Amino acid sequence: MSHTAHIPSHRKPRQRASKTALRAGVAGGVLSTIAVAGAAGPAQAEPVTQTLEMPTITAGLSTTVAASAQATQQVALDLETRANEEAAATDAAKKAKKAKAEAVRKAEAKKKAEAEAKAKAEAAERASRTAARTTLSAPSGSSSSSSGSTAASASTVSYSSSATGSAASVVAFVQSHVGDAYVSGGTGPNSWDCSGLVQAAFRTVGVDLPRVSQGQSTAGTQVSLSNLQPGDILYWGGAGSAYHVGVYVGGGQFVGAQNSSTGVVQRSLDYDPPSGAVRVL
């Protein structure tokens, strides 16, 4: 064989230049990525060798926490106590206001009832004076043709009392005012109500009687109507609740300020029988 003959080579055939360049580019990109990542991270990462421990609750801290809790509890109790006190005060104020309103209502009701009772008593007194027999009269005796006199009216029969001393003065006083006008609340000198006339009559002999008929009906000693004496006080109604009074002048007659229609008159007891009598003199 000729030494110039072609001898086969065992080396791989040379790759094409384009493939070699592609592979070189890929390898360079990978290396660049690794280099960038390494630059972004810490230069040297050291392993964690220290352990963090939670603080331990000491005896002092425990005492502080307990004291704080106790103070909080005390504040809560104080607030609750104050709330209860305020609620109790509000409730007491409401009860006091309600009690006051009730007392005022009762006082007004009592005052109204007393006014109504007084009005009824006054109405009864006026009715008793104006009710029957305000014009009662009866013929007395026979007339004389020569004198032409007429019979005397029973309502105007006069009587001369046999009373003496203070009783005579009382009788004389009331008889001297027969014919005067009747005026409710009148105390003279020319107009009267029933108790005003009686009070004025006894004042002339130094006896100071109560102003109204209720008081005058209990001013002296109670006496029987069958045992009357001139100067006794007659009353109509109950003792202590009388609605009318007059003065007994003797002879079965009395003088009293009856009503606005008749004024002060002298009448027979039969005209308006009294309920009772008291003796002051």
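In this chain, residues are counted from 1 in sequence order. Predicted, not measured: the structure shown is a model, and the values here were computed from it.
For the pair L269 and F254, the minimum side-chain heavy-atom distance is below 4.5 Å. Contact annotation: the side chain of F173 never approaches that of V205 to less than 4.5 Å [non-hydrogen atoms, C-beta and beyond]. Taking 4.5 Å as the limit, some side-chain heavy atom of V174 sits within range of a side-chain heavy atom of L197.
Taking CD of Q70 as the reference point, atom OG1 of T72 lies at 10.0 Å (rounded to 0.5 Å). Considering CG of L79 and CD of Q74, their distance stands at 10.0 Å, rounded to 0.5 Å. The distance from the CD atom of Q73 to the CG atom of D78 is 10.5 Å, given to the nearest 0.5 Å.
Using a distance-only test at 3.5 Å, with no hydrogens or angles considered, a donor-acceptor pair links the side chain of S213 to the main chain of A242. The closest donor-acceptor contact from the side chain of Q216 to the backbone of V245 lies at 3.5 Å or more, if one exists at all. A distance-only check finds no donor-acceptor pair linking the side chain of S68 to the backbone of T64 [under 3.5 Å]. Remark: the backbone N or O of S184 is not paired with any side-chain donor or acceptor of D193 at under 3.5 angstrom.
When all heavy atoms of S195 and R211 are compared, the closest pair comes out as OG-NH1, 2.7 Å. For the residue pair A181 and V264, the shortest heavy atom distance occurs at O-CG2, 4.4 Å. When every heavy atom of L234 is checked against every heavy atom of A277, the shortest pair comes out as CD2-CB, 3.8 Å. Closest approach of Q253 and Y248 over heavy atoms only: O-CD1, 3.1 Å. The nearest pair of heavy atoms linking C194 to Y243 is SG-O, 4.5 Å. When every heavy atom of S191 is checked against every heavy atom of V183, the shortest pair comes out as CB-CG2, 3.7 Å.
With sequence neighbours excluded, the residues that form a salt bridge (Lys or Arg N to Asp or Glu O under 4.0 Å) with D208 are R203. Take K95 and apply the salt bridge (Lys or Arg N to Asp or Glu O under 4.0 Å) test, not counting sequence neighbours, and it matches D91. For F202, there are no ring-ring contact (aromatic ring centres under 6.0 Å, His included) partners, not counting sequence neighbours. Under the rule for a salt bridge (Lys or Arg N to Asp or Glu O under 4.0 Å), the partners of R105 that lie at least two apart in sequence or sit in another chain are E102.
Residues Q266 and Q175 bring a donor and an acceptor atom of their side chains to less than 3.5 Å of each other.
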Side-chain polar contacts of residues 219-232 - donor-acceptor pairs under 3.5 angstrom, sequence neighbours left out - could you list them?
{"unit_1": "Q222", "atom_1": "OE1", "unit_2": "Y235", "atom_2": "OH", "d": "2.8"}
{"unit_1": "Q222", "atom_1": "NE2", "unit_2": "S217", "atom_2": "O", "d": "3.0"}
{"unit_1": "S224", "atom_1": "OG", "unit_2": "S226", "atom_2": "N", "d": "3.1"}
{"unit_1": "S224", "atom_1": "OG", "unit_2": "S226", "atom_2": "OG", "d": "2.8"}
{"unit_1": "D232", "atom_1": "OD1", "unit_2": "R279", "atom_2": "NE", "d": "3.0"}
{"unit_1": "D232", "atom_1": "OD2", "unit_2": "Q229", "atom_2": "N", "d": "2.8"}
{"unit_1": "D232", "atom_1": "OD2", "unit_2": "R279", "atom_2": "NE", "d": "3.4"}
{"unit_1": "D232", "atom_1": "OD2", "unit_2": "R279", "atom_2": "NH2", "d": "3.0"}

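Applying the salt bridge (Lys or Arg N to Asp or Glu O under 4.0 Å) definition to pairs two or more places apart or across chains, none involves residues 252-264.
Below 30°, between 30° and 60°, or above 60°: for W192 and H177 the angle between ring planes is above 60°, a perpendicular geometry.
V278 and V212 fall into different hydrophobic clusters, defined by Ile, Leu, Val, Met, Phe, Trp and Tyr side-chain heavy atoms under 4.5 Å apart, directly or through other members.
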